[in-house]
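Atom set for the values below is all heavy atoms of this structure, side chains included, hydrogens, waters and symmetry mates excluded. Quick caveat: nothing in here was measured; it's all calculated off a predicted structure. Chain naming here is simple, since letters A, B, ... match the order of the sequence lines and numbering starts at 1 in each.
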Protein chains: 2
Amino acid sequence: MTSRETTSWLQIRDELLRRVRERVWEPGALIPGEVELAEEFGCARTTVNRALRELAEAGLITRRRRAGTRVSINPPHKATLTIPIIREDVEARGASYRHAILHRDTRLLPAHLGGAFHLPEGTQVLYTVTMHYENDRPYIHEERYTHFAAVPGLEEQDFAQISANEWLVQNAPFTGGDMAFFAITATEDLARCFDVAPGAALFTVERSTWNDQAPITLARMTHAPGYRMRMSL
Amino acid sequence: MTSRETTSWLQIRDELLRRVRERVWEPGALIPGEVELAEEFGCARTTVNRALRELAEAGLITRRRRAGTRVSINPPHKATLTIPIIREDVEARGASYRHAILHRDTRLLPAHLGGAFHLPEGTQVLYTVTMHYENDRPYIHEERYTHFAAVPGLEEQDFAQISANEWLVQNAPFTGGDMAFFAITATEDLARCFDVAPGAALFTVERSTWNDQAPITLARMTHAPGYRMRMSL
DNA sequence: TAGTGGTCTAGACCACGGC
DNA sequence: CCGTGGTCTAGACCACTAT
């Protein structure tokens, strides 16, 4: 309707979004088809399609051929977490970063990790323990198992200059992975690293990654007391 | 090249993705323009654009007018977490769900929460404490402040049948929010709720949500010992 | 100013899936 | 079957920005 002016898919998306939010179209209701909307907005069907596709990707509407487009009943709320390289994360806050290798050896995969790592017990892996510091204060304790066969050039790395965290991100691109967040009580070892009493509550992230061929690495990152991991919705 | 067949933007995306992953195009390198790629794949520029747009949204490439398209140097790894309604989460695992209201009152917003809630100290809020059970075992302890003025109909709800968690999701749609994950040591109260010793490490999620107008609710959800929150990459 | 990506159009064909 | 969304095309103009 009206005089064309600046029809853009963004404006159409926003208008459709308004109708969903303000319940002009009730949850579960069928909304007009692309052709009809294109007439209403005085634009090509392609343009309406672009707007509707965005809303569908966000989960606000559900689209099915022949059945049409409906307002979602329970729009799924999703949070996105961007996983930073620890050094960049620290430096982005204007703090200084350094790391230290506490341990490094080659060993056979412990039996209890076979499940998380999807590799047979006894596969040769590199085991590293790294401490990351923010302004010279303990920040993250990283314990990591890395699959030798999946990462060419791994043996030559001593991770003195570049941490395993950073080196792997840049040299062993992964195609998939999963993470788990949980709380642990500090072991004596960890308590010493963070200079707290044994038994203190620590926030831990466990992450395993793989590419198309094989598992790459399994890391357990334990954060300093009081750490909060933030994400936005 | 070749005979058209089934050129689709998905195939083009996958081929481009392969070239990025296998370093046919190095990180930081300039890749061919849309016109050139369209010629190579024997399709319209629009189709190539669609494929490139997807990769750009995923962060694998960076596009700028005039400057062209480059392979990202540090492709940001993102994890997506779908936030479930607690009841649905529990029932999806085949377990039984129930909840109990431990406390409910109307109070003025405590001063120390003003920062997290972006409301002036002294605003009237509903304070609720709810215990969620999985198979009759304590699962999540939920402490929540809800902004009266932002949620019509809140006063009439006693949350006996439907938990605050579920009711708010369906009746107070939010447009934004943020979350924080961290570990706490169990207070005496919490230890009693979960039947553990005070000082045990517990995993906590704090979430605040708002809509265009105002903050809606601030919830702190403390999980049973041993709980792991999972997400995939 | 010129080259690149961003968007829009009008039309077309196809795939899916209620009917 | 046939209506709906999904995609593709060829062409066009525009917005941004490196040079």
Contacts of E206(B) meeting side chain to side chain donor-acceptor pair (under 3.5 Å) (sequence neighbours excluded), chain-then-number -> R228(A), R220(B)

In whole angstroms, the gap separating P of dG3(D) from CD of E36(A) amounts to 15 Å

The nucleotide from dT7(C), dG5(D), dT9(D) with an atom nearest the side chain of W9(A) is dT7(C)

**Item:** Phosphate contact (dG5(D) OP1 or OP2) by T69(A) side-chain N/O below 4.0 Å
**Value:** yes

Quiz: residues 164-176 of chain B side-chain donor-acceptor pairs under 3.5 angstrom, not counting sequence neighbours:
{"from": "N165(B)", "atom 1": "OD1", "to": "I86(B)", "atom 2": "N", "distance (Å)": "3.4"}
{"from": "E166(B)", "atom 1": "OE1", "to": "R87(B)", "atom 2": "NE", "distance (Å)": "2.9"}
{"from": "E166(B)", "atom 1": "OE2", "to": "R87(B)", "atom 2": "NE", "distance (Å)": "3.1"}
{"from": "E166(B)", "atom 1": "OE2", "to": "R87(B)", "atom 2": "NH2", "distance (Å)": "2.5"}
{"from": "N171(B)", "atom 1": "ND2", "to": "W167(B)", "atom 2": "O", "distance (Å)": "2.9"}
{"from": "T175(B)", "atom 1": "OG1", "to": "D212(B)", "atom 2": "N", "distance (Å)": "3.4"}
{"from": "T175(B)", "atom 1": "OG1", "to": "D212(B)", "atom 2": "OD1", "distance (Å)": "3.4"}

Ordered by number, residues from residues 48-62 of chain B within less than 4.0 Å of DNA chain C (heavy atoms) are N49(B)

To the nearest angstrom, the CG-C1' distance between L37(B) and dC8(D) comes to 17 Å

D14(A) meets the side chain to side chain donor-acceptor pair (under 3.5 Å) criterion, sequence neighbours left out, with none

Here the distance between atom C1' of dA10(C) and atom CD of E34(A), to the nearest Å, is 15 Å

L10(A) atom CG is separated from dC8(C) atom C1', nearest whole Å, by 13 Å

B/S/- along nucleotides 11-19 of chain C (protein heavy atoms under 4.0 Å) is BB--BBBB-

Here the distance between atom C1' of dC8(C) and atom CZ of F41(A), to the nearest Å, is 16 Å

Winner on side-chain proximity to A44(A), out of dG6(D), dT9(D), dT9(C), is dT9(C)

Residues passing the side chain to side chain donor-acceptor pair (under 3.5 Å) test with T82(B), sequence neighbours excluded, are none

For F117(A), the ring-ring contact (aromatic ring centres under 6.0 Å, His included) test, sequence neighbours excluded, returns none

Contacts satisfying ring-ring contact (aromatic ring centres under 6.0 Å, His included) that involve residues 50-76 of chain A (not counting sequence neighbours) are none

Is the Y139(A)-H132(A) ring centre distance short of 6.0 angstrom? no

For R64(A), is the CZ atom crowded, meaning more than 12 foreign heavy atoms sit under 6.0 Å from it?
no

Show me the donor-acceptor pairs, under 3.5 Å and distance only, between side chains in residues 25-35 of chain B and residues at least two apart or in other chains.
{"from": "E34(B)", "atom 1": "OE1", "to": "R45(B)", "atom 2": "NH1", "distance (Å)": "2.5"}
{"from": "E34(B)", "atom 1": "OE2", "to": "N49(B)", "atom 2": "ND2", "distance (Å)": "2.8"}
{"from": "E34(B)", "atom 1": "OE2", "to": "R63(B)", "atom 2": "NH1", "distance (Å)": "3.0"}
{"from": "E34(B)", "atom 1": "OE2", "to": "R63(B)", "atom 2": "NH2", "distance (Å)": "2.8"}

